[in-house]
Structure formats: C-alpha cells, structure tokens
Visitor: 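Sharing a structure below in structure tokens format, with a few things to ask.
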Amino acid sequence: MNERLTILPQPLLPTQATNRSSRSTPGKTAQSFEQTLARQLENPVGFSRHALQRMEHRGIKFSDSELQRLNGAVDLVQTKGGRDSLVLMDNTALVVSVKNRQVVTVLDQTQLKDNVFTNIDSAIIA
C-alpha cells in the first residue's frame with residue numbers, strides 16, 4: 001500500500017520534424033496579402049435577388065460613396081472573422097453574408113423597430 005509513484009519528465013520538444021516548406025516567408029506573406037487585397041477590390045459586395053427586390057419595394061438606393069462604405073465595412077468584418085453580419089448605415093440595416101460578399105436583405109428605418117436579427121455573428125456601424 002505504500003507504493004511510490006514516479007512521474008518521468010516528458011520532453012517539450014516536438015517529436016516529429018516540422019515541415020519547413022509550410023512556413024511562410026515575409027515575401028510570400030506580403031504577396032499573399034496583396035493578392036487578397038486585390039481580390040477583395042475586384043470582388044465588391046453584391047446584392048441577392050431578395051435584397052434587390054426589398055430595395056426596389058422600399059425605395060432604397062445606395063450612392064457610390066455608400067457602396068464604398070459598405071465594401072469597407074464588409075472588409076473590416078471579414079478581417080475580424082465575421083461570417084454573417086449586420087451592417088448599419090445611416091437609416092438602413094443590411095444583413096450581409098461576408099463569406100459570399102453578398103447582401104442578403106435590406107431594411108429601412110421603418111422596418112427596424114421591434115425587429116430581431118438572428119443568425120448573425122457580428123455587427124458594424126458603417
């Protein structure tokens with residue numbers, strides 16, 4: 001009953017050799033960032049058919065500067081890891097699929113009251 005328990009120290013080093021080819025070099029990281037940025041600039045946020053119908057029905061229009069604000073807001077949400085976001089711009093709320101860079105629906109100020117937004121993981125005021 002009086003057995004002694006011995007704990008052997010374990011090495012903290014990885015037991016397998018690391019794959020050095022998977023490490024990024026500063027040049028590759030910068031190029032990857034540039035490619036990502038260029039892709040984002042070439043791929044502006046679009047509108048789903050449902051969102052376009054809502055905009056037409058509710059008389060909502062966006063100027064070029066507002067679309068730029070929307071793109072900037074979606075880019076920011078994407079850098080923070082957001083996937084489905086509520087974007088509040090002036091008197092308009094937009095639910096955006098960040099991954100698909102597409103506005104899912106649009107609401108104006110009259111529809112905002114008592115409206116509960118579900119299935120979003122982030123929100124931004126643009």
Side-chain angles (χ1 to χ4, degrees):
M1 293 295 268
N2 208 3
E3 294 179 24
R4 189 171 197 158
L5 181 62
T6 304
I7 300 174
L8 299 174
Q10 298 293 317
L12 297 176
L13 299 174
T15 57
Q16 297 178 349
T18 57
N19 185 3
R20 293 183 185 262
S21 64
S22 65
R23 290 184 179 172
S24 63
T25 59
K28 282 188 175 181
T29 302
Q31 186 179 16
S32 175
F33 175 76
E34 289 174 4
Q35 289 173 345
T36 302
L37 180 61
R39 189 174 57 236
Q40 295 298 326
L41 292 175
E42 293 172 359
N43 189 15
V45 175
F47 292 84
S48 69
R49 181 180 297 172
H50 173 79
L52 291 172
Q53 288 173 347
R54 295 291 186 218
M55 289 171 56
E56 184 178 335
H57 179 72
R58 295 168 179 159
I60 300 171
K61 295 180 181 176
F62 295 106
S63 66
D64 289 342
S65 64
E66 289 171 327
L67 291 175
Q68 286 180 344
R69 285 174 44 205
L70 174 63
N71 280 308
V74 172
D75 290 343
L76 187 57
V77 170
Q78 190 169 23
T79 61
K80 299 288 185 180
R83 292 174 290 172
D84 295 300
S85 184
L86 174 67
V87 179
L88 298 173
M89 283 189 4
D90 303 326
N91 296 325
T92 308
L94 303 95
V95 177
V96 179
S97 168
V98 177
K99 178 182 174 186
N100 298 324
R101 299 189 65 78
Q102 188 171 58
V103 176
V104 177
T105 192
V106 180
L107 297 97
D108 63 10
Q109 189 173 13
T110 58
Q111 283 93 32
L112 287 177
K113 185 174 179 171
D114 296 331
N115 202 338
V116 177
F117 294 92
T118 59
N119 296 328
I120 60 169
D121 59 11
S122 55
I124 185 169
I125 301 171

Visitor: Of all residues at least two apart in sequence or in a different chain, which pass the salt bridge (Lys or Arg N to Asp or Glu O under 4.0 Å) check with Asp108?
Guide: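 Salt bridge (Lys or Arg N to Asp or Glu O under 4.0 Å) check on Asp108 returns nothing, list empty.
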Visitor: If you define the side chain from C-beta out and look only at heavy atoms, does anything of Thr105 sit under 4.5 Å from Phe117?
Guide: no
Visitor: Less than 4.0 angstrom from a charged side-chain N to a carboxylate O is my criterion; do Lys80 and Asp121 meet it?
Guide: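 Answer for the salt bridge query: no.
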Visitor: Sequence neighbours left out, what passes salt bridge (Lys or Arg N to Asp or Glu O under 4.0 Å) with Arg58? Give chain and number order.
Guide: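 Expected list: none.
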Visitor: Could you state the interatomic distance from NE2 (His50) to CE (Met55), rounded to the nearest 0.5 Å?
Guide: 12.0 Å
Visitor: Please step through side chain to side chain donor-acceptor pair (under 3.5 Å) for the pair Arg83 and Gln78, ending with a clear verdict.
Guide: CA-CA 7 Å; Arg83 292 174 290 172; Gln78 190 169 23; over 6 Å; no
Visitor: Could you grab the distance from atom CG of Leu76 to atom CD1 of Ile124, nearest 0.5 Å is fine?
Guide: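 Taking CG in Leu76 and CD1 in Ile124, the distance rounds to 4.5 Å.
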Visitor: For the CZ atom of Arg54 and the CZ atom of Arg49, what is their distance to the nearest 0.5 Å?
Guide: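 If I round to the nearest 0.5 Å, the distance is 14.0 Å.
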Visitor: Check the hydrophobic clustering (I, L, V, M, F, W, Y; side-chain heavy atoms under 4.5 Å; chains of links allowed) and say if Val106 and Leu86 are grouped together.
Guide: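 Different clusters: Val106 never reaches Leu86 through Ile, Leu, Val, Met, Phe, Trp or Tyr contacts under 4.5 Å.
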Visitor: Pick one: which of Val104, Val96, Val95 meets side-chain contact (heavy atoms from CB on, under 4.5 Å) with Ile120?
Guide: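 The passing option is Val95.
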Visitor: Ignoring hydrogens, what is the shortest heavy-atom contact between Gly82 and Ser122? Give both atom names and the distance.
Guide: CA-OG, 3.9 Å
Visitor: Of all the heavy-atom pairs spanning Asp84 and Ser97, show the shortest one and how long it is.
Guide: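 Result for this residue pair: OD1-CA, 3.7 Å.
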Visitor: Are Met89 and Leu70 close enough that some pair of their side-chain heavy atoms sits under 4.5 Å apart?
Guide: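 Of all side-chain heavy-atom pairs linking Leu70 with Met89, at least one is under 4.5 Å.
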Visitor: Please find the pair of heavy atoms, one from Ile60 and one from Thr92, that lie closest to each other, and give the distance.
Guide: CG2-CG2, 4.3 Å
Visitor: Roughly how far apart are Leu112 CG and Leu88 CG, rounded to 0.5 Å?
Guide: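 If we round to the nearest 0.5 Å, Leu112:CG and Leu88:CG are 7.5 Å apart.
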Visitor: Mark yes when over 12 heavy atoms from residues, nucleotides or ligands other than Asp64 sit less than 6.0 Å from its CG; otherwise mark no.
Guide: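 Not more than 12 within 6.0 Å, no.
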Visitor: Which heavy atom of Asn71 sits nearest a heavy atom of Val45, and at what distance?
Guide: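 Distance-wise, the nearest heavy atoms are OD1-N, 2.7 Å.
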Visitor: To the nearest 0.5 Å, what is the distance between CD on Glu66 and CG on Leu94?
Guide: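 CG of Leu94 is found 10.0 Å from CD of Glu66.
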Visitor: Check whether Arg69 reaches the backbone of Ala126 with its side chain - one donor and one acceptor, N or O, closer than 3.5 Å.
Guide: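 Side chain of Arg69 to backbone of Ala126, a donor-acceptor pair under 3.5 Å: yes, one is there.
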